[in-house]
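Here the structure comes first, spelled out in structure tokens, and everything after it is commentary.
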Amino acid sequence: MQNFGPKYVYENIEKPLLPILTEMERRGVLVDTNQLGQLSQEFATRMATHENRIFELAGEQFNVNSPKQLGEILFDKLKLDLGKKKKRSTNVEVMELLAEQGHDIANEVLAYRSVAKLRSTYTEALSQQVNPKTGRVHTSYNAVGAATGRMSSSDPNLQNIPIRTEDGRKIRHAFIAPQGWQLMSADYSQIELRLLAHFSKSKGLQEAFLQGVDVHAFTASRVFNVELPDVTSDQRRIAKAVNFGLVYGMGATSLAKQIGTTRVEAQEYIGRYFTRYDGVKDYMEANKQFCRDHGYVETLFGRRIHLPTIHSNNGGLRAGAERAAINAPLQGSNADIIKLAMPKIEQALQQGGYKTRMLMQVHDELVFEVPQEEVKKVQPLITNLMENAVKLEVPLKVEAGLGTNWEDAH
DNA sequence: TCTCCATACC
DNA sequence: CAGGTATGGAGAC
């Protein structure tokens, strides 16, 4: 076993990865430009409909894409107001509050915005970046695009292709496999929470993963003191927000906002979480202290994330660094693990004589083009390599899906 | 060309 | 917006 540290990360993780990223960029991903073109038209029509309704409700025409002009319409002309607390922002949060108060114009703005984003960034911009000869888009990966060790992707960014909404999934549907091939998506399930269970040595959290149960439901059963089968969907929703938020170093205020309750109640959930998952609180405090002592935090393999503002006199900056000190080792270790798995997979595919090709990496997911006849062999091969890339105190789980397009592969 | 705002993803 | 990103449009310069 070698000594982990920055040198190890460079020699054993980053260096072997680079030629593979080059190959993935060169291969590109097949995109159905006809689908994108049709979508673009559909979105344009819907944008016009929402825009006209906005003009009617506003009593005049203006540029809806301009937050400045929109703010003048909403807050000056129509005198919409959310009390002294909120400023003149026109973001989702404010628009949703206005919509709740019965202001239809806010709903129209939200509808317009979501379609406009999908059209400008995806159906329009993406189509233009497809190589007309090959029908493929070729992204550019930055191996160390993020300070945590995550990669980034640009021109086009393939790591933020929509998936959340029905309209968004229509864009993912246009990422396709060639005739006779399938797209296979393989993603690590709950990897950051598994890493938290590993690092914190929390027996409670580890138990969820060792038992192989739904970790959010398991957390709910712990926090709400009910048997696993009796967990309600609302309890699970809250537990999921707590699990998710804790990984970000979240406080009671933001959790309260997220789950729509009071700060006091949110604090109560966090307290119960730390009681039931012994070790998690200590782990987080230890990370903050390590950061104060060294000025950086470390990932599983010793990648360093420098956080100089941990010593700032500015309380906001300091608090931000403390949250990052909790999150960065989890996010960065995830990056270490998938980056370690990628060359192993490439090598195994080559040695096995497979035509299957790795095309994309989306932080905890790898996407492949697989000839139909290789699916049965390659799916378990890749899943096993990913799951066994490292040995932790809890198992890693990979979920793989197949389809003729990226949407169906999930 | 740059910053700000808003919003897409993990 | 709670951790990490990239991008498009508006508007200032």
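Sequence lines set the chain letters: A, B, ... in the order given, protein chains first and strands last, and positions in each chain run from 1. Note that the structure is predicted; figures quoted are calculated from it, not measured.
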Given Val231(A) and Phe218(A), is the side-chain contact (heavy atoms from CB on, under 4.5 Å) satisfied, shown in steps? CA-CA 8 Å; Val231(A) 169; Phe218(A) 185 91; over 6 Å; no
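- Between Ile13(A) and Arg303(A), the shortest heavy-atom contact is CG2-NH2, 4.2 Å.
- Distance check on atom P: dC4(B) versus dC1(C) gives 13 Å, rounded to whole Å.
- Between the C1' atom of dA6(C) and the CE atom of Met151(A) lies a distance of 14 Å, rounded to the nearest Å.
- Between Phe301(A) and Phe4(A), the ring planes are perpendicular. Angles over 60° get that label, and only those under 30° would be called parallel.
- The phosphate of dG4(C) has neither OP1 nor OP2 within less than 4.0 Å of any side-chain N or O from Thr148(A).
- Here the side chains of Lys397(A) and Tyr188(A) are not in contact, with every heavy-atom distance at 4.5 Å or above.
- Here dA2(C) presents its P atom at 18 Å from CG of Leu330(A), a figure rounded to the nearest Å.
- The distance between atom CG of Asp155(A) and atom P of dA6(C), rounded to the nearest whole Å, is 10 Å.
- To the nearest angstrom, C1' of dG4(C) lies 12 Å from CG of Leu307(A).
- Residue contacts for Ala125(A): at a heavy-atom cut-off of 4.0 Å it reaches the sugar-phosphate backbone alone, with no base atom in range.
- Across all strands shown, Ala328(A) has no heavy atoms under 4.0 Å from either base or sugar-phosphate atoms.
- One can place CD of Gln361(A) at 14 Å from P of dT5(C), the figure rounded to the nearest angstrom.
- Between Leu70(A) and the choices Val109(A), Asn63(A), Asn65(A), the side chain to side chain contact (heavy atoms under 4.5 Å, CB included) rule is met once, by Val109(A).
- Centroid-to-centroid, the aromatic rings of Tyr269(A) and Phe224(A) come within less than 6.0 Å.
- Listed candidates were dT5(C), dG3(C), dA2(C). Nearest to the side chain of Ala146(A) is dT5(C).
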Encode nucleotides 2-10 of chain B as B, S and - characters from 5' to 3', where the letter depends on protein heavy atoms closer than 4.0 Å: B to the base, S only to sugar-phosphate, - to neither. ---SSBBSB
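- The closest side-chain donor-acceptor pair between Gln38(A) and Asn34(A), if any, does not fall under 3.5 angstrom.
- Gly245(A) comes within 4.0 angstrom of a base, heavy atoms only.
- Spacing between atom CD of Gln128(A) and atom C1' of dT7(C) amounts to 14 Å, rounded to whole angstrom units.
- Look at CE on Met47(A): it is 11 Å from C1' on dG9(C), rounded to the nearest Å.
- Counting to the nearest Å, the C1' atom of dG3(C) and the NZ atom of Lys288(A) are 14 Å from each other.
- Across all strands, Gln258(A) comes closer than 4.0 Å to base atoms (heavy-atom distances).
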